[in-house]
Amino acid sequence: MGIKIYNTFTSQKEDFIPLEPDRVGFYLCGPTVYDYFHLGNARPFIVFDVYRRFLIYRGFQVKYVMNVTDVDDKIINRAQKEGVSVAEIAARYTQAFFEDMEKLGIHRADVHPKATEHIPEMIELIQKLLEKGYAYKIGGDVYFQVEKFRKYGRLSGKNLEELKAGARVEVDERKRNPLDFALWKAAKAGEPCWESPWGKGRPGWHIECSAMSMKYLGETFDIHAGGEDLIFPHHENEIAQSCAATSKKFARYWMHNGFLNIQGEKMSKSLGNFLIAREVVKRHRPEVIRLFFLQKHYRSPINYTEEILRQTANALDRLQNTLQNIEYYLKDSPQGTDVAHDQIQQGSEFSRLVQYSKREFIKAMEDDFNSAAAIGKIFEMAKEANRIMEKGELSKVDQFALADFRRMLLEYDQFLGILPGKDGLKKGEGDEDALVALLVQVREELRKKKEWSLADRIRNKLKELGYIIEDRREGSVWYKV
RNA sequence: GGCGGCGUAGCCAAGAGGUUAAGGCGACGGUCUGCAAAACCGUUAUUCAGCGGUUCGAAUCCGCUCGCCGCCUCCA
């Protein structure tokens, strides 16, 4: 069946065939470290990490690269405003970036190259472009000449005429075409700079992604991803530079996520309508934030409201409760391991649903990473699982299927990251656990004696301490919030 | 002005020509329960922004209209 990916470059869904069988080179445009990243920035970080982990789950060997832009106008501005060095700003927010990523359950990339550590590679690339006649010098600046690259505008579906007509760019008279972009910027006083054949200066923004992606993934690689707003000019320029320099195809599949909207508008730093990701994680569990993004297809815009996040939290609770119920149910059972083989073959209604939905889940994920549809399948199974547990008396086959469903959830969670721990019931530290367990046990006995007020007092008090007791038909369960 | 996208129940959302339009949240009624919670059952879209067209058949394709958004400047 195979994986299909919507490729921005061709504007259609294509079969995903990596350059080398079973190996994937995957590049995601990372942060410019001049501030904390906001919830909108978190979307690509979360979803593409999930897709990368899904590819790994499907047996691909993935090399995932995400850059850190640590030299740029914004960082310089910020440093000047605070009266500290550029390096200090960059270091501070690079650290914050990794902290926030971890809080959100996003795995580290295999490589997080920093722009400032790849200046020689960029210089080499610019040199090549000059040699090949795609770039020109003005003073200490070097520009890419867009007219020399015939396919300029292909990714964004624009042509030079249209772009010129709509140009809102301030025209620099020295440039041959207003759309020509800087590969190298001559040094200004007080700005970080490096030696180059064209004098001291620093790289333009676009060149770093070309230089670093090609260094770590090769001149041609599989997937290049980022937010929709990077299509033009950033990715367009990357393609121009890279292809011009190497005469080879650059990225083969271009993936772009839709925006996070807030009150009907794109969340962005410049509009000032943003929520810092690290603040949002204080109010909502990271699993909720992840599910919020995964419940919508990545290419569609997604709307943010507190109400939607609450709905997501409730949905997640339902799933986690189901898992808890299953844990509880299977605790004392042999998990169906002694089921006769032919019984499994024959199955039950539930076991057939699990088998079917597993396939449907994978199918949805393989169809341009439709995590929203895939997660729908999980909820369908959860509903059925609850239903059969409600009936009590489970057949061996159902027990087996229940265990299978549980196993499957934990397996999928390797890339979804929406379940709290490796088992459903989150507990506290060792000694604490024993004490709470004892209290719960004592309370059970009180309940048997119908000492309701004392039993309720224990439940209420423990709740204040962060332990939730639920009296289920099978007995009391407890967990830490 | 140019280019692109979107509009599915009270809310979120999948579906992209052919069985009763997934799933979640919420609400209401019921079951279970000492209570609470969880869970279950039932109800909640004769219809997919509107109007036309193509087709045996359209939420899905085409045209127009309305509404919203994005890109064309730094942006995920």
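Naming convention: chains lettered A, B, ... in sequence-line order (proteins, then strands); numbering from 1 in each chain.
- The base of B:rC35 sits within donor-acceptor range of the side chain of A:Asp471, with an N or O pair under 3.5 Å.
- Donor-acceptor pairing under 3.5 Å, judged by distance alone, is absent between the side chain of A:Lys383 and the base of B:rC40.
- With a 4.5 Å cut-off on side-chain heavy atoms, A:Ser213 and A:Phe221 count as touching.
- The aromatic ring of A:Trp452 sits over the base of B:rG34, with ring centres less than 5.5 Å apart and planes inclined by under 30°.
- Annotation: side chain to side chain donor-acceptor pair (under 3.5 Å) contacts of A:Arg318 (sequence neighbours excluded): none.
- With sequence neighbours excluded, the residues forming a side-chain contact (heavy atoms from CB on, under 4.5 Å) with A:Ala373 are A:Ala364, A:Asn370, listed by chain and number.
- For the C1' atoms, the distance linking B:rG24 with B:rU33 amounts to 26 Å, nearest Å.
- Comparing A:Glu384 and A:Asn370 against RNA chain B, the residue whose closest nucleotide sits nearer the 5' end is A:Asn370.
- Distance, A:Glu380 CD to B:rG15 P: 14 Å, rounded to whole Å.
- Taking atom CD1 of residue A:Ile458 and atom P of nucleotide B:rA37, one finds them 20 Å apart after rounding to whole Å.
- With a 3.5 Å ceiling on both atom-pair distances, B:rU19 lacks any Watson-Crick or G-U wobble partner.
- Annotation: cation-pi pair A:Lys377/A:Phe361 absent, no NZ/CZ under 6.0 Å from the ring centroid and within 45° of its normal.
- Each of A:Leu316 and A:Ala382 lies near RNA chain B, and the nucleotide nearest A:Leu316 is the one positioned closer to the 5' end.
- Taking atom C1' on both B:rG63 and B:rA27, the two are 41 Å apart, rounded to the nearest angstrom.
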